[in-house]
Protein chains: 2
Amino acid sequence: MVAESDLNTGLLLFLPYRALENRIFARLAEAGFDDFTPAQARVMQRIGPNGTRLTELAEQAQITKQTAGFLVDQLEKAGYVVRVPDPTDKRARLVCLAEKAASAQRIAAAVVAEVEKEWEAHLGSRRMKQLREALTLLREITDPWAEPS
Amino acid sequence: MVAESDLNTGLLLFLPYRALENRIFARLAEAGFDDFTPAQARVMQRIGPNGTRLTELAEQAQITKQTAGFLVDQLEKAGYVVRVPDPTDKRARLVCLAEKAASAQRIAAAVVAEVEKEWEAHLGSRRMKQLREALTLLREITDPWAEPS
DNA sequence: TGACACTGGTCAGAGTCTCTGACTACTTTG
DNA sequence: CAAAGTAGTCAGAGACTCTGACCAGTGTCA
């Protein structure tokens, strides 16, 4: 009985995701960025280059805005983000990445590149390309925030 | 500038995973299985047909055995699992799925099948096959518990 | 066999994450 | 302008997770 790949697709997606996240986290901690948590990172990851509103962060991370506010508070105390007034709406503030976060993001990007290279070595470049292609396509029907092509 | 797929692979994996998990959860709640949490479900998902030790569940879910014990306590109270003595080791107990959990798993499996069908309709069967193939291969280097082929 | 290291699991305590509900301030709509 | 809606906060509670300390049973090896 060959049990090959009768694993459900959800777990199949989750396993490499977790492996990648773990790698990033470990490297970041080595580099001294050990004063934020995974939950905070998942929010920080979604902040755009021009800043993003709290509510939007909450929606994309699928958490309540209260939770998002709580996490952004921590990130602000730790110096990873700043909140600036939104010029277009006096109720709102834009959460922006501080330089400290940009440094961390550069490291994270390097780890992603490294891991992707390992994956490509294991899969072969053709299969790796197919994987990214399929996932990108899948995003259209699984990510409510995907830009329409 | 075509921004297509410059999203990092981690997020690309995570998005469909989350979409699937959400669908399963929603359907389970509809069916009356609303007395367990995502964290509990992630542990329950890993219980094998012959029962699994707490320590092993903890390792695979990458949580401490204390946390795993806490979650299994909840699941036991809610009637989803039972703990039976491990005949091969007097220290250990095997966490086993109760009938209630088996019913829930059947529903979950149906939702997975349904979602996979949708994905296949969107990607085409060739690309869907390639996706599962790539992910299965990737498991070899991202899942410490992957059975060697 | 008997000491010793190891493993499966629990208890206690603390910190983090997340939610619901209620509220203020500002914006949009008719 | 009044009503409805949106951005964000405050307060309180429940859920998740961890570290550290511990007990009981197992494996090893002189």
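Just so it is clear: chains get the letters A, B, ... in the order the sequence lines come, proteins before strands, and each one is counted from 1.
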Roughly, in whole Å, what's the span from [atom1] in [X] to [atom2] in [N]?
X	N	atom1	atom2	result
A:Arg83	D:dG8	CZ	P	9 Å
B:Phe36	D:dA15	CZ	C1'	15 Å
B:Phe70	C:dT16	CZ	P	17 Å
A:Leu94	D:dT6	CG	C1'	15 Å
B:Glu59	D:dC18	CD	P	13 Å
A:Lys65	D:dT6	NZ	P	10 Å
A:Ile63	D:dG8	CD1	C1'	14 Å
A:Leu54	C:dA25	CG	P	18 Å

N-O pairing of [X] and [Y] below 4.0 Å:
X	Y	result
B:Glu99	B:Arg106	yes
B:Arg127	B:Glu120	no
B:Lys77	B:Asp35	no

Reckon [X] has a side-chain N or O less than 4.0 Å from the OP1 or OP2 of [N]?
X	N	result
B:Arg93	C:dT10	yes
B:Arg42	D:dC16	no
B:Thr64	D:dT19	no
B:Gln66	C:dG13	no

Can you check whether B:Arg18 reaches A:Thr142 side chain to side chain, under 4.5 Å on heavy atoms? no
Using a cut-off of 4.0 Å on non-hydrogen atoms, how would the nucleic acid contact of A:Gln40 be classed: base, sugar-phosphate, or nothing? sugar-phosphate
If you look at every strand shown and take non-hydrogen atoms under 4.0 Å, does B:Thr67 touch a base, only sugar-phosphate, or nothing? base
Between A:Gln74 and B:Thr55, which has a closest nucleotide on DNA chain C that is more 5'? B:Thr55
Aromatic ring centroids of A:Phe36 and A:Phe25 under 6.0 Å? yes
Can a donor-acceptor pair be found between the side chains of A:Glu76 and A:Tyr80 at a distance below 3.5 Å? no
Please enumerate all protein N or O atoms sitting under 3.5 Å from an N or O of nucleotides 27-30 of chain C, with distances to 0.1 Å.
unit_1 : atom_1 : unit_2  : atom_2 : d
C:dT27 : OP1    : A:Lys90 : N      : 3.1

What side-chain donor-acceptor pairs closer than 3.5 Å can you find for residues 49-60 of chain A, not counting sequence neighbours?
unit_1  : atom_1 : unit_2  : atom_2 : d
A:Thr52 : OG1    : A:Gly48 : N      : 2.8
A:Arg53 : NE     : A:Asp86 : OD2    : 2.9
A:Arg53 : NH2    : A:Asp86 : OD2    : 2.9

